[in-house]
J.: 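After the structure tokens below, expect a handful of questions from me.
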Amino acid sequence: MRITLPMKRWIGMSSIMITLVAGAALMFSSGQAAMTKDTKLDRDAMTKYILATVKAARTIYTQSVIRKVKASGMKASEDWVKEDHAVMLPAQFVKALGYEIQGYELSLVGTDPLYKSNEPKTPTEKEMLSRLASGKENMVTFQDGTQYKGMSADFAISQSCADCHNQHPNTKKRDWKKGDFMGAIIIRMRG
Ligand code: HEC
């Protein structure tokens with residue numbers, strides 16, 4: 001078959017169009033990939049910043065506020081609302097911070113928790129808790145179903161952490177000591 005001039009033009013135009021469309025598609029898809037990567041990075045960094053801030057607030061609460069309160073004859077108590085001379089526990093302080101903020105949940109998970117509500121809620125949370133317990137990492141972030149989560153290792157930074165847990169009526173473990181890995185502060189972003 002003889003290729004006529006209009007046909008040649010048509011073939012030329014078509015190949016230019018195909019190249020343009022394919023090029024645009026390629027650019028779009030690589031842009032999407034880069035964006036997804038960036039978004040993931042941002043969420044990861046954001047989760048870590050929040051965890052680090054909450055952890056710092058909890059440390060200050062335990063080491064400065066509770067210490068001072070104790071020196072003046074008061075104490076940290078689970079029933080602090082009903083008691084006249086008591087302030088909230090470090091764990092309650094973390095949860096209370098979370099109640100003030102919308103969009104994510106702040107809580108604690110434990111290896112030997114005092115309450116069932118502080119057990120890891122999914123197999124992935126359980127796996128991440130043992131990863132933190134191994135001591136290789138201090139903080140992990142991960143996708144878990146529809147939620148993005150972060151966990152920061154929680155150690156008995158003072159003997160009072162260990163003492164109170166050892167004496168609690170619900171405890172199944174009575175030999176906590178200063179420095180032990182007790183669990184993690186967890187942030188669960190709403191899906
Ligand atoms: C005066 C008692 C007391 C002190 C001090 C205390 N805790 Fe707790 N802790 C509790 C109670 C009670 C809970 C459960 C509270 C809740 O979930 O509402 C808890 C919860 C936790 C949890 C979640 C798992 C679980 O056991 O239920 C972790 C982890 C934890 N505490 C670590 C610590 C660390 C680390 C410190 C020291 C910085 C500390 N605790 C100090 C009483 C105490």
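The residues of the chain are indexed from 1 along the displayed sequence. Remember, it's 1-based here, ligands and their atoms both numbered in the order they're listed. The basis for the numbers below is simple: all heavy atoms, side chains too, and nothing from hydrogens, waters or symmetry mates.
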J.: When you measure from the side chain of Glu125 to the backbone of Glu127, do you find a donor-acceptor pair of N or O atoms at a distance under 3.5 Å?
T.: no
J.: Under 4.0 Å from a heavy atom of Thr62: give me the atoms of ligand 1 that qualify, with their elements.
T.: 38 (C)
J.: Tell me whether Tyr49 at atom OH has more than 12 heavy atoms from other residues, nucleotides or ligands lying less than 6.0 Å away.
T.: no
J.: Does anything in residues 49-70 form a salt bridge (charged side-chain N to carboxylate O under 4.0 Å, His left out)? List the pairs, not counting sequence neighbours.
T.: Arg58-Asp154
J.: Using salt bridge (Lys or Arg N to Asp or Glu O under 4.0 Å), reason through Asp175 and Lys177 one step at a time and then give a plain yes or no.
T.: CA-CA 6 Å; Asp175 57 354; Lys177 54 186 184 319; over 6 Å; no
J.: Just to be sure I'm reading this right: ignoring hydrogens, which of Lys95, His168, Glu119 gets closest to atom 18 (O) of ligand 1? Compare them by their nearest heavy atoms.
T.: Lys95
J.: Could you check atom 14 (C) of ligand 1 against the protein and tell me its nearest heavy-atom contact, residue, atom and distance included?
T.: Tyr115 CD1, 3.5 Å
J.: Which is it for Lys75 and ligand 1 at heavy atoms under 4.0 Å: side chain, backbone, both or neither?
T.: neither
J.: Using a 4.0 Å cut-off to any heavy atom of Ala76, which atoms of ligand 1 qualify?
T.: 1 (C)
J.: Tell me which protein heavy atom sits closest to atom 27 (O) of ligand 1, plus the residue, atom name and distance to 0.1 Å.
T.: Asn118 ND2, 2.8 Å
J.: May I ask you to decide if Glu78's main-chain N or O and Gln92's side chain share a donor-acceptor pair within less than 3.5 Å?
T.: yes
J.: Taking only heavy atoms of Phe155 into account, list the atoms of ligand 1 that are under 4.0 Å away from them.
T.: 35 (C)
J.: At less than 4.0 angstrom from any non-hydrogen atom of Gly110, what atoms of ligand 1 do you find?
T.: 24 (C)
J.: Measure the acute angle between the ring planes of Phe93 and Tyr61, then classify it against the limits of 30° and 60° as parallel, tilted or perpendicular.
T.: parallel
J.: In the protein, which heavy atom is nearest to atom 32 (C) of ligand 1, and how far is it?
T.: Asp154 OD2, 3.6 Å
J.: Whether the side chain of Asp180 engages the backbone of Ala156 through a donor-acceptor N/O pair (distance < 3.5 Å, no angle test) should be reported.
T.: no
J.: Taking only heavy atoms of Glu78 into account, list the atoms of ligand 1 that are under 4.0 Å away from them.
T.: 12 (C)
J.: Residues in salt bridge (Lys or Arg N to Asp or Glu O under 4.0 Å) with Glu83, at least two apart?
T.: Lys75
J.: Cluster partners of Ile157, using ILVMFWY side-chain heavy atoms under 4.5 angstrom, listed by chain and number?
T.: none
J.: Rounded to the nearest 0.5 Å, how far does CE of Met182 lie from NE2 of His165?
T.: 4.0 Å
J.: Which of the atoms in ligand 1, numbered in the order shown and given with their element, are less than 4.0 Å from a heavy-atom of Ser160?
T.: 5 (C)
J.: Return the set of protein N, O or S atoms whose distance to atom 8 (Fe) of ligand 1 is under 2.8 Å, each given as residue and atom.
T.: His165 NE2
J.: Got a sec: does the NE2 of His85 have more than 12 other heavy atoms crowding it under 6.0 Å?
T.: no
